[in-house]
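Scroll down for the structure; my scribbles are underneath it.
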Number of protein chains: 2
Amino acid sequence: MSNHMRPDFVAAVRAAWAEQLPDLDTDPVAVVGRISRAARLLERATKARLAEHGLEPWEYDVLAALRRSGPKATLSAGTLTASMLVTPGTMTNRIDRMVNRRLVSTGIAPDDRRSTLVTLTRSGRTLVEAAAAGLMAVEQEAIAGLSTQRRQRLANLLHELLLTLGDDAPPEKATTGATPPTRRRPPR
Amino acid sequence: MSNHMRPDFVAAVRAAWAEQLPDLDTDPVAVVGRISRAARLLERATKARLAEHGLEPWEYDVLAALRRSGPKATLSAGTLTASMLVTPGTMTNRIDRMVNRRLVSTGIAPDDRRSTLVTLTRSGRTLVEAAAAGLMAVEQEAIAGLSTQRRQRLANLLHELLLTLGDDAPPEKATTGATPPTRRRPPR
DNA sequence: ATCAACAGTTTTGACGTCAAACAACCGTGA
DNA sequence: TCACGGTTGTTTGACGTCAAAACTGTTGAT
């Protein structure tokens, strides 16, 4: 059932394993290896475009999270930390640098003085809106080689995979019931 | 055409954008955002298992490339650099550390004294074979939530995407014809 | 009211990666 | 043979991330 498809890097890796260690089942690499490879290649493409706006990918991530969070464009440091799979120390460092660049401002939460609130500044907001438009454009180009239907099927399959990996949507503000005991800190 | 699927993180991101900036077309995020998210989650799962063998993911990558390269388990530093999308300086650093751990040994290529040849040691070989088996097992578990057919379709779609991203298989040893002018160094 | 356990952030030191400059070596052509 | 451009690796300094410990504020039980 060969697909008559030109080999990609991962296909070559699997062929090499099959020759050297035929007993090793490399099936999972067909998915996992390709996801990691694609992530790396896609980040390169997007990084270049963001650089045109003077932004690093990690800066865009934070700004975008704030911009889409609602009219106030404010989130706590902890919420930001949880949403982008980094450690708290990393987020502290990011926020410090972005405050220095005047992209965000910070203050303490009135209802819980342990919590730091991060807010988009006017210039941060302007910047992220331009960057978001540009970023969507490059990403569109990057995946333009696939038909709309294939993109849709790929998105759906990745969605299913992510759900099995435990990647649920974060709880909406003011969820019904008590605080969900979700652990979002990176383990280890 | 809603799919009655529980939202994942990226679905929530897209819904938030739709509310805050309805004119922004976030279609590409459905694919690109999910790939990056999945890569991050999968790396976590695999990292833990590799740690049981005393290996970091980057160490496994190098050892595995050597092990599957053929009976001699030898590759030049440049070949390794090209195959895993890192810069030459990174590879120098990796090799140094792995020589210190006695996982690999190095020597200069007899036919081109600029080139450094990296070879798997006996203990490196033993270690990577055990780690590879363990790694395949975790990856299998990680994607076990998808049926075989879905995994197959996902792999095929990712394969197609990677080809459009320029991720071709590296040339076989002693390719027919002249040296292909492929650029594999990270740009910028 | 107090205290202990917990939650949210920050600090610290180590680590891996990158970009850019550099060094050694190869091959070609004059 | 020698000079020069291209190739292969290494060095250097800066940067972003992490793990773990420390710090501050909160909550609940007594």
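- Counting to the nearest Å, the C1' atom of D:dC18 and the CZ atom of B:R40 are 10 Å from each other.
- Sorted by first and then second residue, the pairs that involve residues 55-64 of chain A and meet side chain to side chain donor-acceptor pair (under 3.5 Å), not counting sequence neighbours, are A:E59-A:R101.
- In terms of the side chain to side chain donor-acceptor pair (under 3.5 Å) criterion, residue partners of B:R114 (sequence neighbours excluded) are, by chain and number, B:D112.
- A heavy-atom distance below 4.5 Å is found between the side chains of B:L120 and B:V128.
- Put simply, CD on B:E43 is 10 Å from P on D:dC18, counting in whole angstrom units.
- Contacts classified as salt bridge (Lys or Arg N to Asp or Glu O under 4.0 Å) and involving residues 150-159 of chain A (residues at least two apart or in different chains) are given here: A:R150-B:E160.
- Counting only residues at least two apart or on different chains, the side chain to side chain donor-acceptor pair (under 3.5 Å) pairs with a member in residues 12-21 of chain A are A:R14-A:T26, A:R14-A:D27.
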With B for base contact, S for sugar-phosphate-only contact and - for none (protein heavy atoms under 4.0 Å), nucleotides 11-16 of chain C reads B----S
Per-nucleotide protein contact along nucleotides 24-29 of chain D, 5' to 3', at a 4.0 Å heavy-atom cut-off (B base, S sugar-phosphate only, - neither), is BBS---
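- Contact check, B:T87 against D:dG9: no side-chain N or O comes under 4.0 Å of OP1 or OP2.
- Within the 3.5 Å criterion, the main-chain N or O of B:R67 finds no donor-acceptor partner in the side chain of B:S69.
- In this entry the distance linking CD1 of B:I108 with C1' of C:dC26 reads 14 Å, nearest Å.
- Between B:R49 and B:E141 there is a salt bridge, with a side-chain nitrogen of the basic residue lying less than 4.0 Å from a carboxylate oxygen of the acidic one.
- B:K47 has its NZ atom 13 Å from the P atom of D:dT17, to the nearest Å.
- Here A:T106 does not reach the OP1 or OP2 of C:dT9: none of its side-chain N or O atoms lies under 4.0 Å away.
- A donor-acceptor contact closer than 3.5 angstrom is absent between the side chains of B:S123 and B:T126.
- Distance, B:I95 CD1 to D:dG9 P: 8 Å, rounded to whole Å.
- Rounded to whole Å, atom C1' of C:dT17 lies 13 Å from atom CG of B:L85.
- Remark: B:S115 is in phosphate contact with D:dG9, judged by side-chain N or O atoms under 4.0 Å from OP1 or OP2.
- Per the geometry, CE belonging to B:M91 stands 14 Å off P belonging to C:dA19, to the nearest Å.
- A:T121 places a side-chain N or O within donor-acceptor distance of the main-chain N or O of A:R102, the cut-off being under 3.5 Å.
- Atom P of nucleotide C:dC25 and atom CG of B:L117 are separated by 15 Å, given to the nearest angstrom.
- At D:dG9, none of the side-chain N or O atoms of B:T81 fall inside 4.0 Å of OP1 or OP2 (strictly under the cut-off).
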